[in-house]
Amino acid sequence: MIRVVLVSPMHAGNVGSVARICGNFGITDVCVVAPRCDLKSEDAQIFATYHAHGILNGFVECATLAEAVQGAQCVVGFSRRIGDLRRPDLKWAELPEVIQTEGLTCFVFGSEDTGLAQSDLTLCTHLCTLPTNASVPSMNLSQAVTAVLAGSVWQTPTVKEYFPAVKSRLEAERPVNATAMHSLIEHWRQVMVAVGLTRDGNPDRLLHYYHRVLNRADLTEREANMFHGFLSQVEKKLESPD
């Protein structure tokens with residue numbers, strides 16, 4: 001489970017944009033620590049767009065960061081400022097590895113003007129700096145949230161938990177197994193016999209070449225079903241040509 005934590009955000013537009021971004025990535029758990037703007041303002045609503053008004057209205061306000069991250073197994077703070085006491089120990093590309101499948105992972109973002117304070121980082125288990133251009137290192141708050149969620153939620157093995165639509169697509173794109181391939185080849189064979197595509201009544205020699213082509217294609221289950229559908233239509237036409 002992922003929770004986005006915003007510490008003392010200044011601009012309602014950024015808060016609204018974060019709501020929309022969280023909606024894009026299936027995140028509904030957002031805590032805002034001591035906000036310096038009105039989370040329900042018109043600006044927040046406009047930037048959230050009507051798609052994410054429900055998410056924005058569900059933002060939880062907390063008085064302290066300690067309250068916002070209570071119970072979390074992993075707390076990642078994001079800061080562009082580094083030093084002896086602010087040494088990043090987590091790379092952006094490693095974010096998927098820290099997401100807890102059965103516990104809570106918090107992604108913590110500082111305010112637009114000062115970022116996260118040192119006292120905030122003491123509550124974090126990890127510090128991460130986003131890989132930006134050195135000449136323009138600072139990112140807008142909502143942009144930083146986008147970069148983090150795009151680099152973590154989408155890449156994590158638990159993506160199915162966050163994206164039901166992706167789950168359906170991934171399941172539809174599973175590679176065809178040996179049993180399903182055998183079923184398709186048998187169906188293909190029946191149609192070959194029905195249309196007379198054989199050598200002396202034996203379709204197996206030619207069928208061998210079709211089988212090789214289908215194996216090289218690395219068919220998914222959905223693609224195999226498409227072939228079954230095509231072959232079934234051929235059979236129906238043969239049965240009633242008119």
Side-chain angles (χ1 to χ4, degrees), residues 1-70 72 75-81 92 95-96 99 104-117 120-121 123-124 128-133 135-156 158-169:
M1 178 179 178
I2 294 174
R3 173 180 296 161
V4 170
V5 180
L6 308 180
V7 178
S8 298
M10 297 173 58
H11 304 298
N14 273 334
V15 173
S17 293
V18 169
R20 182 175 183 178
I21 291 158
C22 287
N24 291 148
F25 290 93
I27 304 298
T28 57
D29 188 353
V30 180
C31 285
V32 185
V33 178
R36 291 180 286 166
C37 61
D38 183 0
L39 304 185
K40 311 300 183 183
S41 70
E42 184 179 358
D43 276 352
Q45 296 288 335
I46 290 173
F47 280 88
T49 74
Y50 73 92
H51 298 288
H53 283 172
I55 295 174
L56 177 63
N57 293 333
F59 280 14
V60 176
E61 290 190 42
C62 298
T64 65
L65 179 57
E67 180 185 348
V69 302
Q70 185 176 9
V75 180
V76 183
F78 295 90
S79 176
R80 72 174 181 84
R81 291 184 291 135
W92 176 78
L95 288 175
I99 294 178
L104 176 63
T105 298
C106 289
F107 290 150
V108 182
F109 302 86
S111 61
E112 296 92 331
D113 54 347
T114 60
L116 292 176
D120 296 325
L121 294 180
L123 296 171
C124 299
C128 180
T129 296
L130 300 178
T132 55
N133 187 339
S135 62
V136 189
S138 181
M139 297 183 74
N140 172 272
L141 172 60
S142 60
Q143 293 171 340
V145 175
T146 302
V148 169
L149 295 184
S152 57
V153 175
W154 185 255
Q155 300 296 332
T156 181
T158 61
V159 65
K160 294 180 182 180
E161 298 177 13
Y162 298 101
F163 296 94
V166 172
K167 178 179 179 180
S168 298
R169 189 168 72 245

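Numbering starts at 1 and runs along the sequence shown.
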[Y] backbone acceptor or donor facing [X] side chain under 3.5 Å:
{"X": "Arg36", "Y": "Ser8", "result": "yes"}
{"X": "Arg3", "Y": "Ala68", "result": "yes"}
{"X": "His53", "Y": "Gln45", "result": "yes"}
{"X": "Ser152", "Y": "Pro96", "result": "no"}
{"X": "Glu67", "Y": "Ala63", "result": "yes"}

Which heavy atom of [X] sits nearest a heavy atom of [Y], and at what distance?
{"X": "Val15", "Y": "Cys37", "result": "CG2-SG, 3.9 Å"}
{"X": "Ser79", "Y": "Thr129", "result": "O-OG1, 2.7 Å"}
{"X": "Trp92", "Y": "Pro131", "result": "CB-CD, 3.7 Å"}
{"X": "Glu112", "Y": "Asn14", "result": "OE2-ND2, 3.0 Å"}

* Phe47 atom CZ, neighbour heavy-atom count above 12 within 6.0 Å -> no
Would you compute the distance between atom [atom1] of [X] and atom [atom2] of [Y] and round it to the nearest 0.5 angstrom?
{"X": "Leu130", "Y": "Met139", "atom1": "CG", "atom2": "CE", "result": "6.0 Å"}
{"X": "Thr114", "Y": "Met10", "atom1": "OG1", "atom2": "CE", "result": "8.5 Å"}
{"X": "Met1", "Y": "Cys106", "atom1": "CE", "atom2": "SG", "result": "8.5 Å"}
{"X": "Leu149", "Y": "Asn24", "atom1": "CG", "atom2": "CG", "result": "9.0 Å"}
{"X": "Leu65", "Y": "Asp120", "atom1": "CG", "atom2": "CG", "result": "5.5 Å"}
{"X": "Ile99", "Y": "Phe107", "atom1": "CD1", "atom2": "CZ", "result": "4.5 Å"}

* **Ser41 and Asp43: side chain donor to acceptor below 3.5 Å** => no
* **For Phe109, the option from Val5, Leu116, Val7, Val148 that meets side-chain contact (heavy atoms from CB on, under 4.5 Å)** => Val148
* To do: Check whether any side-chain heavy atom of Val30 sits under 4.5 Å from a side-chain heavy atom of Cys22, and report yes or no.
  => yes
* Asked: Is any side-chain heavy atom of Leu6 less than 4.5 Å from a side-chain heavy atom of Pro35?
  -> no
